[in-house]
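In what follows, a single structure is set out as structure tokens and then discussed.
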There are 2 protein chains.
Amino acid sequence: MLTNMPELSRGDDAAAVNALRSAVMRLSRRLKHQRVDESLSPTEMSVLGTLARCGHATPGELARKEHVQPPSMTRIVAMLEAKGLVRLEAHADDRRQKVVTQTEQAEAMLEESRRKRNAWLAELASGLDEDEWAKVRAAAPVLEKLAQL
Amino acid sequence: MLTNMPELSRGDDAAAVNALRSAVMRLSRRLKHQRVDESLSPTEMSVLGTLARCGHATPGELARKEHVQPPSMTRIVAMLEAKGLVRLEAHADDRRQKVVTQTEQAEAMLEESRRKRNAWLAELASGLDEDEWAKVRAAAPVLEKLAQL
DNA sequence: CATGTTCGTTAGCATAACTCATTACCTTTT
DNA sequence: AAAAGGTAATGAGTTATGCTAACGAACATG
């Protein structure tokens, strides 16, 4: 909580936020290049990731979650369906809406992708010493929480 | 160091790497939307960031650092020059090459951009409790190191 | 039942990356 | 010294991925 910290740590907070922002941006840029399937765009991958978390969602929900406009999501979902990575079904209560579900094939691909990026990141992390890695390990769950606030 | 950790923490390491990857990807996607200047693409911003770190560089060097093809960098540099954010000069030793330097205007804009993203991230971080934030603060410098390994 | 709203989609456009080809310059070889 | 090959930047054209505007179908409300 930055708004009501004791005076002494204000500067540290600013430095930490700055370091964090910088590190996140750079790491993400490099992680992006570790795609398992070159034929899938980052957003398409991201949609699959969201589906893996939520189980299923309507195109509109997906568009909001990915910060993308609905027409873009239409095309993305169509692309994913054409590749056999998602299924489209009719919504139970509302016939305007559709429900997007991921296929087993998508699950497998996503797992492979996670495995590859994790391997790359772990390789990078081997450049840290024991103490440094301990700090990262402690912060990892917090960062995950931070990302979904 | 993941390769030679005691058996007990292997599982924790994998989980941490996984959480870290996921958090970095999501945070970066949201940070990207916090652009200070909508007329500059993420890569163009990134080039300015690189220049701020290195002082100056040739288009070719920039292309390699940004993982972009040389023709793309030509266009990016031209755009930045047109906006008065970089200067192009002749290379001292090699007349094929050019040297790209950032202007004072770029420095100011970059600082403004950092400030905005930091503010956004800090706002987000206010959703953490004291203990969680302490872990992030401890890990931040390590993450920065990790990103440039 | 009439009107307005929401959802997904279609069509058309803008941007920013890529590949391939070209020009200018350096380096090495003969 | 001249020729051959390599490297830097760039130009032209293509592809990918997002956007906005406009639309039809299904719901919700007066």
Side-chain angles (χ1 to χ4, degrees), chain A residues 25 28-35 37-51 54 56-83 85-101, chain B residues 25 28-35 37-51 54 56-83 85-101:
Chain A
M25 294 299 280
S28 74
R29 198 129 33 85
R30 297 175 64 182
L31 273 166
K32 226 168 262 163
H33 287 278
Q34 296 301 118
R35 289 201 229 170
D37 186 343
E38 292 297 329
S39 70
L40 248 56
S41 80
T43 307
E44 287 166 348
M45 280 300 296
S46 180
V47 168
L48 289 183
T50 299
L51 283 177
C54 305
H56 56 80
T58 68
E61 286 168 350
L62 288 173
R64 278 188 294 274
K65 287 189 188 184
E66 302 296 330
H67 296 103
V68 150
Q69 295 303 308
S72 304
M73 190 49 69
T74 293
R75 215 172 20 192
I76 289 166
V77 167
M79 179 68 79
L80 291 175
E81 190 190 22
K83 288 182 182 165
L85 297 170
V86 303
R87 247 189 322 273
L88 268 87
E89 293 151 19
H91 190 104
D93 306 336
D94 187 341
R95 273 179 301 172
R96 289 172 306 181
Q97 302 187 54
K98 298 179 180 174
V99 177
V100 186
T101 327
Chain B
M25 294 299 280
S28 74
R29 197 129 34 83
R30 297 174 65 183
L31 273 166
K32 223 170 265 162
H33 286 280
Q34 298 299 118
R35 291 199 228 171
D37 186 344
E38 293 297 331
S39 70
L40 248 56
S41 81
T43 308
E44 287 166 346
M45 280 299 298
S46 180
V47 167
L48 290 184
T50 299
L51 283 177
C54 305
H56 56 82
T58 69
E61 286 167 351
L62 288 173
R64 280 187 293 275
K65 287 189 187 182
E66 302 296 330
H67 296 102
V68 151
Q69 295 303 308
S72 304
M73 190 50 67
T74 293
R75 215 178 41 76
I76 289 166
V77 167
M79 178 69 79
L80 291 175
E81 191 190 21
K83 290 185 181 163
L85 298 169
V86 303
R87 247 189 323 274
L88 267 86
E89 292 151 21
H91 189 104
D93 306 335
D94 187 340
R95 272 181 302 173
R96 289 171 305 179
Q97 302 186 52
K98 298 179 180 175
V99 177
V100 187
T101 326

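Just the heavy atoms: all of them, side chains too, but no hydrogens, waters or symmetry mates, feed the values below. Labels below follow one simple rule: chain letters A, B, ... track the order of the sequence lines, proteins then strands, and each chain is numbered from 1. All of these numbers come straight from a predicted model, not from anything done at the bench.
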statement: Residue set satisfying ring-ring contact (aromatic ring centres under 6.0 Å, His included) with H56(B), at least two apart, ordered chain then number -> none
- prompt: side-chain contact (heavy atoms from CB on, under 4.5 Å) with P70(A): which residues, sequence neighbours excluded?
  reply: none
- prompt: Taking only residues two or more places apart in sequence or in another chain, which ones pass salt bridge (Lys or Arg N to Asp or Glu O under 4.0 Å) with E66(B)?
  reply: R29(A)
Partners meeting salt bridge (Lys or Arg N to Asp or Glu O under 4.0 Å) with R95(A) (sequence neighbours left out): none
task: Output all residues satisfying side-chain hydrogen bond (donor to acceptor under 3.5 Å, both in side chains) with K65(B), sequence neighbours left out; order by chain, then residue number.
output: none
- request: List for me each residue that meets side-chain contact (heavy atoms from CB on, under 4.5 Å) alongside A57(A), sequence neighbours excluded, and say none if there are none.
  value: L51(A), E61(A), L62(A)
query: Which two nucleotides bound the region of DNA chain C that has atoms under 4.0 Å from heavy atoms of chain A, read 5' to 3'?
result: dT6(C) to dT10(C)
statement: For nucleotides 18-28 of chain D, 5' to 3', base contacts (B), sugar-phosphate-only contacts (S) and non-contacts (-) with protein non-hydrogen atoms under 4.0 Å give BBBB---BBS-
query: Under the side-chain contact (heavy atoms from CB on, under 4.5 Å) test, which residues partner Q97(B), sequence neighbours left out?
result: T58(B), H91(B), D94(B)
